[in-house]
Amino acid sequence: MPHTSSPYLAEGPRVGIRRFTRADGTEFTARVRESKDLHHPWLFPPDDLSAYSAYAGRLIEDPTKAGFLVCEKEADGALAGFININNIVGGGFRCGALGYGAFAHAAGRGLMREALDLVVRYAFGPMGLHRLEINVQPGNAASIALARACGFRLEGFSPKMLFVDGAWRDHERWAITSEMTASG
């Protein structure tokens with residue numbers, strides 16, 4: 001029987017993760033527009049093709065970034081969300097900062113938990129990172145619950161850390177190291 005290769009970098013029972021491509025723009029931006037109420041006021045992913053092209057280009061070309069699309073396997077690979085590792089630093093630091101978002105049709109179904117676990121294992125495995133951080137606004141209960149469910153620990157509070165939605169916003173700092181995971 002011929003071997004067919006998976007389109008995913010890593011996969012679990014319900015989702016697979018793969019890199020962004022420029023060809024994903026139409027589906028990605030449609031899902032973002034459907035999810036505006038879910039995302040506001042926490043994040044603002046690109047909702048038109050021009051903005052997506054610039055966004056995806058950075059994730060594809062910049063070695064300090066890695067973007068992963070969360071694909072629902074039972075829905076023929078439909079996009080369920082995205083997880084990005086930004087500010088990747090090598091050397092003795094080997095760290096990156098995570099950002100993520102579910103799309104409205106996939107929210108609350110455990111798909112992002114499965115996907116974040118896959119990204120963490122991929123980051124600590126093939127990418128060779130040692131530490132991942134998530135910075136979350138204190139009122140974003142869903143994001144905090146996801147970080148906690150995936151084994152991240154609360155490490156601190158940073159007042160006025162990031163400029164989001166027109167103002168400097170406080171953030172909680174969550175982190176995980178390779179030693180904290182079964183794969184580390």
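In this chain, residues are counted from 1 in sequence order.
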Do [X] and [Y] sit within salt-bridge range, that is, some charged N less than 4.0 Å from a carboxylate O?
X: Glu61; Y: Arg22; result: yes
X: Arg14; Y: Glu72; result: no
X: Arg18; Y: Asp24; result: yes
X: Arg173; Y: Glu155; result: no

[X] to [Y] - nearest heavy-atom pair and separation:
X: Glu34; Y: Ala104; result: O-CB, 3.8 Å
X: Arg33; Y: Asp47; result: NH1-O, 2.8 Å
X: Ser35; Y: Phe103; result: OG-CA, 3.4 Å

**Derivation of the side-chain contact (heavy atoms from CB on, under 4.5 Å) call for Met112 and Tyr100** = CA-CA 9 Å; Met112 290 301 289; Tyr100 47 77; 4.0 Å; yes
**Message:** With a 4.5 Å cut-off on side-chain heavy atoms, are Trp168 and Met161 touching?
**Reply:**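 Of all side-chain heavy-atom pairs linking Trp168 with Met161, none is under 4.5 Å.
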**Prompt:** Less than 4.5 Å apart, any side-chain heavy atom of Leu79 and any of Val70?
**Reply:**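 They are not in side-chain contact.
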**Prompt:** Using 30° and 60° as the class limits, which term best fits the ring planes of Phe28 and Tyr52: parallel, tilted or perpendicular?
**Reply:**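 Rings of Phe28 and Tyr52: tilted, as their planes differ by 30° to 60°.
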**Asked** Centres of the Phe68 and Phe20 rings: under 6.0 Å?
**Response**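 No, too far apart.
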**Message:** Go through it in stages, so that I can follow the logic: the residues are Val32 and Phe44, the test is side-chain contact (heavy atoms from CB on, under 4.5 Å), and I'd like the CA-CA distance, side-chain angles, deciding distance and then a yes or no.
**Reply:** CA-CA 9 Å; Val32 167; Phe44 301 88; over 6 Å; no
Supply the atom-to-atom distance [X] [atom1] to [Y] [atom2], rounded to the nearest 0.5 angstrom.
X: Leu69; Y: Phe82; atom1: CG; atom2: CZ; result: 9.5 Å
X: Phe152; Y: Ser143; atom1: CZ; atom2: OG; result: 10.0 Å
X: Ser158; Y: Asp170; atom1: OG; atom2: CG; result: 8.5 Å

